[in-house]
Novice: 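Mind looking over this structure? Questions follow.
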Number of protein chains: 2
Amino acid sequence: MGKTSITIKEIARQLGISKSTVSRALRDSSEISGATKERVIELARKLNYSPNPIALSLLKNQTHTIGIIVPDIDNPFFSTAISGVEDVAYSRGYHVMIYQSHESYEREMADVRHIADRRADGLIVSVASRSLHHQHFADLQEGGIPIVFFDRASNEVQTHKVLVDDYTSSFAGTEHLIEQGCRKIAHVSGPMSLAISRNRCNGYRDALRKHKLPQRDEWVLEAEYNQAGGTERAYQLMALRERPDGIFAASDRIAIGVHWALRQLGYRMPDDVALLGFSDLGVSSLLDPPLSSIAQPSFEMGRQSAELLLELIENKSTPVTYETRVLKTHLQVRGSSLKINAPVVQASAEIPEESYPS
Amino acid sequence: MGKTSITIKEIARQLGISKSTVSRALRDSSEISGATKERVIELARKLNYSPNPIALSLLKNQTHTIGIIVPDIDNPFFSTAISGVEDVAYSRGYHVMIYQSHESYEREMADVRHIADRRADGLIVSVASRSLHHQHFADLQEGGIPIVFFDRASNEVQTHKVLVDDYTSSFAGTEHLIEQGCRKIAHVSGPMSLAISRNRCNGYRDALRKHKLPQRDEWVLEAEYNQAGGTERAYQLMALRERPDGIFAASDRIAIGVHWALRQLGYRMPDDVALLGFSDLGVSSLLDPPLSSIAQPSFEMGRQSAELLLELIENKSTPVTYETRVLKTHLQVRGSSLKINAPVVQASAEIPEESYPS
DNA sequence: CTGAAAGCGCTTACAG
DNA sequence: CTGAAAGCGCTTACAG
């Protein structure tokens, strides 16, 4: 038993030549005679030789491996982004190691530590909501391992970032609710420790301000980015003396929790309360009524993050200036916010394509 | 720039002792004096030394890495199973490399090749639906890399397997539909290339036989395990002259497609058509009506697969006999199949816990 | 108790 | 055109 992979030494032995020659022949070096090359290559194929990548890594101090840390792998936003990362990584000969922080500071630091220990060539990360500091990222970068942030970035660390325009999209989303006739609009935000949460919240606030609508502290509630958070906050909101007639949730997972609570409580969407989410997960369109949402190009965010990272990895010198790419979102209007008798804005009445994942 | 991790050699240089001594001190060898140990350990900590795992791997011919191949990472059944695998792997010092086959034979072979090339210590896999042969798994095993199958296993390869009792659960699920008063029950199966699909289908057929209900070829349709497949098949079924009044879908993803189609077509569940899925994904309970389903312990399946694999990895000798673990499912009855005026079987009328993922 | 040497699988100057 | 040697970072018999 035991993995007894065949080595260059074995090929050399069988052919009665030196390891150096075998190595060169395999790499198709110009200084080896055609005849020798042929013999080596044929035997290598016959023995099913594959070079030991571990030995190569030791030699080159390069692992051809990149790490990615996301809060949660079963959030479709992240799993799709991962697929985008894999798409470019694999095509360029890199492997992807996936880590989950589960929103925990400790776990995230352990993940970073693991990535450093394993000598990954680089890291793509979307920061955990409970990360208190980002020194661990700075340290990693200091140690020569480049980082790219996507979605949830750190302000403390200078590097490439791939984001969407959270502020503008939230502003536009809130305006959509206003156009549907909502006048008392609440917001269930994500944890304020994250810039995306603050930006989304500010977009909401500024839209209300622009339209001179009332702003109340009780209408802005913070939650973790998950369903339970949404459900809990919806119960709180609807129990208020001054109930909202529209809710903008900072993510679809939160929105799904709100949706569930509203249905439990007997409210009709969009007539009693209009609801809007953020990210446009595949499941959102399956709800009844289907959820309106601000769609993010998650796959493309993953792709671009990987491209930027490989650039950092393969150009040894630190770039003079780092890039922040801001990708486009679009408002996907569905039944949860589209009121029949309101002026139609961007209605997509047809069957949403997302209902047919391949 | 560049990762200039500090090495054992550097510590030796600074302390004016040999590499051997440093190495031994770090591993707390009994043959090193306490004083030396202390000096070494202190300097190591100060320099933030961490041993190069690549060098260790080369030495031990062990990578402390296991691969896992699943059809699709954003299927919650698989992502949860992966979390189960990670749970035990990390606690035992192993890292997990995740691969997606996307149900493709070629991709799966490439993944296996990659795992072999990377010298992973073992593989956990749920086979792709379009895998024609399983020789690539046999070859890997032959090469000394142990394998454990979960959910979708290969009959061609002898090794540990972690499954659920697809036949019995499907039998019971079908009986549940019968108890609800369904008399014309259709089945949307998964690809017949997979044993799980065949077993689920047989469970369905035998339940009908036992209750002497009609079986019609047009009522058994094959689909890929995804939503689009379910939608398509539902349109076909409901177009039949002899329409079914109950549908058992071989997976929740298929069931979600069926659910969507039935609503589009104006059917009411469960009265016109009762619907039952398989796996009990988190989203299933969010649909309206919520989906009844046969719940699988996916996290636990992942955990046990990892345990069995580590056993194979760490006991060099091939075991005399391989183990097949069959885990318990349970029928989760919800609105899509529970008829008010039918005899209540295992109704769980309370709010399903799955509605509150953390 | 400590060091010099060999070796894990490979590549690449350096000699011929 | 081919080989012997050194070296990537580590461990571990083998000597002292």
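Below, chain A is the first sequence line, B the second, and so on; all start at residue 1. Only heavy atoms go into these numbers, but all of them, side chains included; no hydrogens, no water, no symmetry mates.
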Novice: Across the strands shown, which category fits B:Thr36 at heavy-atom distances under 4.0 angstrom: base, sugar-phosphate, nothing?
Specialist: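 Sugar-phosphate contact only - B:Thr36 comes under 4.0 Å of backbone atoms but never of a base.
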Novice: Return the value, rounded to whole Å, for the distance between atom CG of A:Asn61 and atom P of D:dG9.
Specialist: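 Rounded to the whole Å, the gap is 7 Å.
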Novice: Would you mind telling me which of C:dG3, D:dG3, D:dG9 lies closest to the side-chain atoms of B:Thr21?
Specialist: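 My answer, after comparing the listed nucleotides, is C:dG3.
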Novice: Please table the atom pairs, donor to acceptor, closer than 3.5 Å between any side-chain atom in residues 74-82 of chain A and protein atoms at least two apart or in another chain.
Specialist:
{"from": "A:Asn75", "atom 1": "OD1", "to": "A:Phe77", "atom 2": "N", "distance (Å)": "2.9"}
{"from": "A:Ser79", "atom 1": "OG", "to": "A:Pro76", "atom 2": "O", "distance (Å)": "3.4"}
{"from": "A:Thr80", "atom 1": "OG1", "to": "A:Pro76", "atom 2": "O", "distance (Å)": "2.7"}

Novice: Can A:His95 and B:His114 be said to form a ring-ring contact (aromatic ring centres under 6.0 Å, His included), step by step?
Specialist: CA-CA 9 Å; A:His95 184 254; B:His114 200 266; 5.1 Å; yes
Novice: Polar pairs (N or O, both sides) under 3.5 Å between protein and nucleotides 12-16 of chain C?
Specialist:
{"from": "C:dA13", "atom 1": "N6", "to": "A:Arg24", "atom 2": "NH2", "distance (Å)": "2.1"}

Novice: Figure out the CD/P separation between A:Gln62 and C:dG9, and round it to whole Å.
Specialist: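 Interatomic distance, CD of A:Gln62 to P of C:dG9: 22 Å.
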Novice: Nearest whole angstrom, please: distance from the C1' of C:dG7 to the CG of B:Leu56.
Specialist: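 The distance from CG of B:Leu56 to C1' of C:dG7 comes to 14 Å, rounded to the nearest Å.
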Novice: Where does the angle between the aromatic ring planes of B:Tyr99 and A:Tyr90 fall among parallel (under 30°), tilted (30 to 60°) and perpendicular (over 60°)?
Specialist: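 Tilted, since the angle between the ring planes falls between 30° and 60°.
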Novice: Do B:Lys37 side-chain atoms and B:Ser29 backbone N/O form a donor-acceptor pair below 3.5 Å?
Specialist: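 Such a contact is found between B:Lys37 side chain and B:Ser29 backbone.
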Novice: Give the rounded distance in Å between these two atoms: CG of B:Asp117 and C1' of C:dG9.
Specialist: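 Roughly 14 Å, once rounded to whole Å.
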Novice: Using a distance-only test with no angle check, is there a side-chain donor-acceptor pair under 3.5 angstrom linking B:His136 and B:Glu108?
Specialist: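 Yes, B:Glu108 and B:His136 have a side-chain donor paired with an acceptor closer than 3.5 Å.
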Novice: May I have the distance from A:Lys9 (atom NZ) to C:dA6 (atom P), rounded to whole angstrom?
Specialist: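 Spelled out: NZ on A:Lys9 to P on C:dA6 is 14 Å.
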Novice: How do A:Leu26 and B:Ile32 order along DNA chain C: which one's closest nucleotide is nearer the 5' end?
Specialist: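 Closest to the 5' end, via its nearest nucleotide, is B:Ile32.
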Novice: Only one of A:Glu311, A:Glu86, A:Glu314 passes salt bridge (Lys or Arg N to Asp or Glu O under 4.0 Å) with A:Arg92; say which it is.
Specialist: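 Per the salt bridge (Lys or Arg N to Asp or Glu O under 4.0 Å) rule, the option paired with A:Arg92 is A:Glu314, out of A:Glu311, A:Glu86, A:Glu314.
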Novice: For DNA chain D, produce a single dot-bracket line, 5' to 3'. Pairs: Watson-Crick or G-U wobble, both distances under 3.5 Å. Symbols: ( ) within strand, [ ] crossing, | other strand, . unpaired.
Specialist: |||.||||||||.|||
Novice: Between C:dG7 and D:dA4, how far is it from one P atom to the other, in whole Å?
Specialist: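 One P to the other, the span is 15 Å.
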Novice: When the distance from CD1 of A:Ile6 to P of C:dG9 is rounded to whole Å, what number comes out?
Specialist: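 Nearest whole value for this atom pair: 11 Å.
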Novice: Return the minimal non-hydrogen interatomic distance between A:Tyr94 and A:Thr65, and the atom names on each side.
Specialist: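 For A:Tyr94 versus A:Thr65, the nearest heavy atoms are CD2-N, 3.9 Å.
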Novice: With C1' as the reference atom in both, quote the distance from D:dG16 to D:dT12 in angstrom, rounded to an integer.
Specialist: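 Taking atom C1' in both D:dG16 and D:dT12, they lie 16 Å apart.
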Novice: Treating B:Ser101 as the side-chain partner and B:Ala128 as the backbone partner, does any N or O pair qualify as donor plus acceptor under 3.5 Å?
Specialist: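 No; zero donor-acceptor contacts below 3.5 Å.
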Novice: Within the 4.0 Å heavy-atom criterion, would you say A:Ile8 contacts the bases, only the backbone, or no part of the nucleic acid?
Specialist: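 Sugar-phosphate: the residue A:Ile8, judged by heavy atoms under 4.0 Å, touches backbone atoms but no base.
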Novice: Rounded to the nearest angstrom, tell me the gap between atom CZ in B:Arg13 and atom P in D:dG9.
Specialist: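 It is 14 Å, rounded to the nearest whole Å.
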Novice: Once you apply a heavy-atom cut-off of 4.0 Å, does B:Leu59 come out as touching a base, just sugar-phosphate, or nothing?
Specialist: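 Contact class for B:Leu59: base.
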Novice: Taking the side chain of A:Ala55 as heavy atoms from C-beta outward, which of C:dC10, D:dC10, C:dC1 is closest to it?
Specialist: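 Among the listed nucleotides, the one closest to the side chain of A:Ala55 is C:dC10.
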Novice: May I ask you to check whether over 12 heavy atoms, not counting those of B:Glu323, lie within 6.0 Å of atom CD?
Specialist: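 Counting other residues, nucleotides and ligands, CD of B:Glu323 exceeds 12 neighbours.
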Novice: Is any side-chain N of the basic residue among A:Glu307 and A:Arg303 closer than 4.0 Å to the acidic one's carboxylate O?
Specialist: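 Salt bridge: yes.
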Novice: Between atom CG in B:Leu58 and atom P in D:dG7, what is the gap in whole Å?
Specialist: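 Roughly 17 Å, once rounded to whole Å.
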Novice: Mind checking if B:Ile54 touches a base, just sugar-phosphate, or nothing, with heavy atoms under 4.0 Å?
Specialist: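 Counting heavy atoms under 4.0 Å across all strands, no contact is made by B:Ile54.
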